[in-house]
Amino acid sequence: MTNSETSGVELPDMDLLKKFDVPAPRYTSYPTADRFNAEFTAEDYARALAGRGTAKEPAPLSLYVHVPFCNDVCFYCGCNKIVTRDHSRSAAYIDLIGQEADLVKAHLTGSQELEQLHFGGGTPTFLTEDELELMMDTLTKRFPLAKTGGEFSIEVDPRTCGPSKVKKLREIGLNRMSLGVQDFNPDVQKAVNRIQPFEMTKETMDAARAEGFHSINMDLIYGLPKQTRETFAQTIDQVLELSPDRIALYHYAHLPNHFKPQRRILPADLPDTVTKVHIMFDAIKRLTANGYRYIGMDHFAKIDDELSRAQIEGTLQRNFQGYSTKAECDMVALGVSSISKIGSAYACNPRELDDWAAAIKEGRLATNRGYHLNEDDELRRYVIMKIMCNFELKKKDVEDKFGIHFDEVFAYELGKMKPYVHHDLVELYPDRLVVLPKGKIFVRAVAMQFDRYLRESNRAGGYSRIA
């Protein structure tokens, strides 16, 4: 198998990277979550749930559950989490999740069967085996799992998920997992307070394969303290030895003013910008030369993985958990800080545990902000997601779906493509827009040219840079 068959990506030179390395949204939603507002209420969310069953084309149902607890704090982490060893807190949390599920179910119409289920965090495997079984029973009594073809996944920390817990995860119906690794180098692990030997991760992965998990993802981060090109090359060697089905290679953004744990990281220990870019480029070259397809931004999948096949077939989707093979689902999200998407509505829960818990205990949906898409939002969401997922946008598909003339509606945005076309990042054809191999690294920047809110408010500075 040649590199071109798995890659499809060409790395730009440093001058080009500097020119187009701009702050840009990750587009797990459109509009992006920072546009959501308090004018959207729990009553609006209830109406969206109630209207689901009347949709012309009912969407499959997906469920996301946020588990905020962690045994220890990883210094790089920007997730919404609670560091504790007290399992009375997680026991109470599971009970509240059940109550919230009942509140949602009281309004939800349409199919109640789950095509997708995802546990995120925090550290979902903070939960004991008994707690995991109770959590799953709590959920599936209300929302049964699809008998065939369902994707039921969990984010796993190998430090809290040995072979016995892996077996329990499979027994309760989960069939996919994502392992947090970040870096295998001991000095890097010490600098970020996450000591996780290679052998520990291998034991968890071996157990997952033995138990029949369908797909295993591994999360890595480049730009961490003490990281060098040489040390991360060794990590990639170890990753290739473990051979996960998918890999996420995230960019570490050092924002100590936003994320308190990052204040424990010494700025002097961070790799400089040029080194960080080379670490990323080295990893992309190695992964795509060893059977992984560059899916987009920071995601890779083996060429025979469902994620790769979905992109090749043009059916790849994107949601709050990243890239997905499933058709566009309605997503009910439970727990603190979780975000639901039902039809044209996004509904967010509070970030603070006490605020979320108080609402549930009072017998009301916890929604404290959200957004209801208008026709222009729907149009732009479709356009942006097609670019993000397929690196291509067919004008006729947009015109047929929304009853518009593409070149007229998006004349301004097509004009903004000129520098991308000039530098061979994008090609504009009469019938389509194509992100070229050298432009795939910049797909976020290409997509954001169609973001009306960025154009009108110029708020892109608040997002992370591409590299």
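Keep in mind that this is a model prediction, so the values were computed, not measured.
- In plain terms, the two heavy atoms of Gln262 and Leu255 that are nearest each other are OE1-N, 2.5 Å.
- Judged by distance alone, with hydrogens and angles left aside, the side-chain atoms of Asn80 form a donor-acceptor pair with the main-chain N or O of Arg351 at under 3.5 Å.
- Partners of Asp269 by salt bridge (charged side-chain N to carboxylate O under 4.0 Å, His left out), not counting sequence neighbours, listed by chain and number: Lys226.
- Within the 4.5 Å cutoff, the side chain of Leu240 has heavy atoms near those of the Tyr292 side chain.
- Here the shortest heavy-atom pairing between Asp95 and Gln99 reads OD2-NE2, 2.9 Å.
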Report task. Could you walk me through whether Asn319 and Tyr64 pass the side-chain hydrogen bond (donor to acceptor under 3.5 Å, both in side chains) test, one step at a time? Result -> CA-CA 11 Å; Asn319 59 30; Tyr64 172 78; over 6 Å; no
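- The CG atom of Leu132 lies 9.5 Å from the OG atom of Ser90; values are rounded to the nearest 0.5 Å.
- With Arg209 contributing its side chain and Met205 its backbone, the two residues share no donor-acceptor pair below 3.5 Å.
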Query - Residue pair Cys74, Val192: steps toward the side-chain contact (heavy atoms from CB on, under 4.5 Å) verdict - result: CA-CA 6 Å; Cys74 300; Val192 299; 5.7 Å; no
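- A distance of 11.0 Å separates CD of Glu151 from CG of Leu117, quoted to the nearest 0.5 Å.
- Both tests do not hold together for Arg369 against Phe40: distance to the six-membered ring centre under 6.0 Å, angle to the ring axis within 45°.
- Across Arg318 and Tyr27, no two heavy atoms sit closer than the pair NE-O, 3.2 Å.
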Query raised in the report: Hey, mind stepping through Val239 and Phe184 against side-chain contact (heavy atoms from CB on, under 4.5 Å) and telling me if it holds?
Result: CA-CA 9 Å; Val239 169; Phe184 280 123; 4.1 Å; yes
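- Using cut-offs of 30° and 60° on the angle between ring planes, the pair His299 and Tyr250 is perpendicular.
- For Glu352, there are no side-chain hydrogen bond (donor to acceptor under 3.5 Å, both in side chains) partners two or more places apart in sequence or in a different chain.
- Tested against Ser308, the residues Leu316, Ile295, Thr325 include a single side-chain contact (heavy atoms from CB on, under 4.5 Å) partner, Ile295.
- Listed by chain and number, the residues in a salt bridge (charged side-chain N to carboxylate O under 4.0 Å, His left out) with Asp183 amount to none (sequence neighbours excluded).
- In this structure, Phe69 has its ring center closer than 6.0 angstrom to the ring center of Phe126.
- Annotation: side chain of Arg246 is not in contact with side chain of Tyr323 (no heavy-atom distance under 4.5 Å).
- Between Glu199 and Lys202 there is no salt bridge, since no side-chain N of the basic residue sits under 4.0 Å from a carboxylate O of the acidic one.
- Side-chain contact, Asp157 with Thr125: no donor N or O sits under 3.5 Å from an acceptor N or O.
- Taking 4.5 Å as the limit, every side-chain heavy atom of Phe320 sits out of range of all side-chain heavy atoms of His118.
- Counting heavy atoms from C-beta on, the side chains of Glu113 and Ser111 come closer than 4.5 Å.
- A salt bridge between Arg293 and Asp305 is absent, with no side-chain N of the basic residue lying under 4.0 Å from a carboxylate O of the acidic one.
- Surrounding CZ of Arg159 are more than 12 heavy atoms belonging to other residues, nucleotides or ligands, all under 6.0 Å away.
- Between the side chain of Arg52 and the main chain of Ala59, a donor-acceptor pair closer than 3.5 Å is present.
- Side-chain contact between Tyr45 and Val332 is present, with heavy atoms from C-beta onward closer than 4.5 Å.
- Counting heavy atoms from C-beta outward, Arg444 and Met388 have side chains that approach closer than 4.5 Å.
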Query raised in the report: Please walk me through it: do Asn185 and Thr231 pass side-chain hydrogen bond (donor to acceptor under 3.5 Å, both in side chains)?
Result: CA-CA 7 Å; Asn185 182 268; Thr231 64; 4.8 Å; no
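- Looking at heavy atoms from C-beta onward, Arg170 lies out of side-chain contact with Met177 at the 4.5 angstrom threshold.
- Residues Asp245 and Arg176 are not paired through a salt bridge, judged by the lack of any N-O separation under 4.0 Å between the basic side chain and the carboxylate.
- Under the 6.0 Å cut-off for aromatic ring centres, Tyr346 and Phe36 qualify, their centroids lying closer than that.
- Checked by atom type and distance alone, the side chain of Thr204 pairs as donor or acceptor with a backbone atom of Cys161 at under 3.5 Å.
- Listed by first then second residue, pairs satisfying salt bridge (charged side-chain N to carboxylate O under 4.0 Å, His left out) with a partner in residues 72-87 read Asp72-Arg85, not counting sequence neighbours.
- Of all non-hydrogen atoms in Gly335 and Glu100, the two that sit nearest each other are N-OE1, 2.8 Å.
- Using a cutoff of 4.0 Å between basic side-chain nitrogens and carboxylate oxygens, Asp187 and Lys190 are not scored as salt-bridged.
- Taking CD of Gln116 as the reference point, atom CG of Asp330 lies at 11.5 Å (rounded to 0.5 Å).
- Nearest heavy atoms, Thr28 versus Met385: C-CE, 4.1 Å.
- A side-chain donor-acceptor contact under 3.5 Å links Gln196 to the backbone of Gly180.
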Requested in this report: In sequence, state the C-alpha distance, the side-chain angles, and the governing distance for Lys302 and Ser243, and then conclude on side-chain hydrogen bond (donor to acceptor under 3.5 Å, both in side chains).
Outcome: CA-CA 9 Å; Lys302 288 183 176 178; Ser243 190; 2.5 Å; yes
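- In terms of heavy-atom proximity, Ile236 sits nearest to Ala283 at CD1-CB, 4.1 Å.
- For Glu155, there are no salt bridge (charged side-chain N to carboxylate O under 4.0 Å, His left out) partners, not counting sequence neighbours.
- Formation of a donor-acceptor pair under 3.5 Å by the Asn290 side chain with backbone atoms of Arg286 is found in this model.
- Residues Tyr252 and Gln227 have side chains not in contact (no heavy-atom distance under 4.5 Å, counting atoms from C-beta outward).
- When the salt bridge (charged side-chain N to carboxylate O under 4.0 Å, His left out) test is applied to Glu211, no partner is found at least two apart in sequence or on another chain.
- Taking CG from Leu242 and CG from Leu179, the interatomic distance works out to 9.0 Å, rounded to the nearest 0.5 Å.
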Query raised in the report: Run the side-chain contact (heavy atoms from CB on, under 4.5 Å) check on Leu127 and Phe119 step by step: do they pass?
Result: CA-CA 11 Å; Leu127 302 179; Phe119 291 101; over 6 Å; no
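- Taken to the nearest 0.5 Å, the NZ atom of Lys165 stands 6.5 Å off from the CD atom of Glu129.
- With values rounded to the nearest 0.5 angstrom, Ile441 atom CD1 is found 12.5 Å from Lys438 atom NZ.
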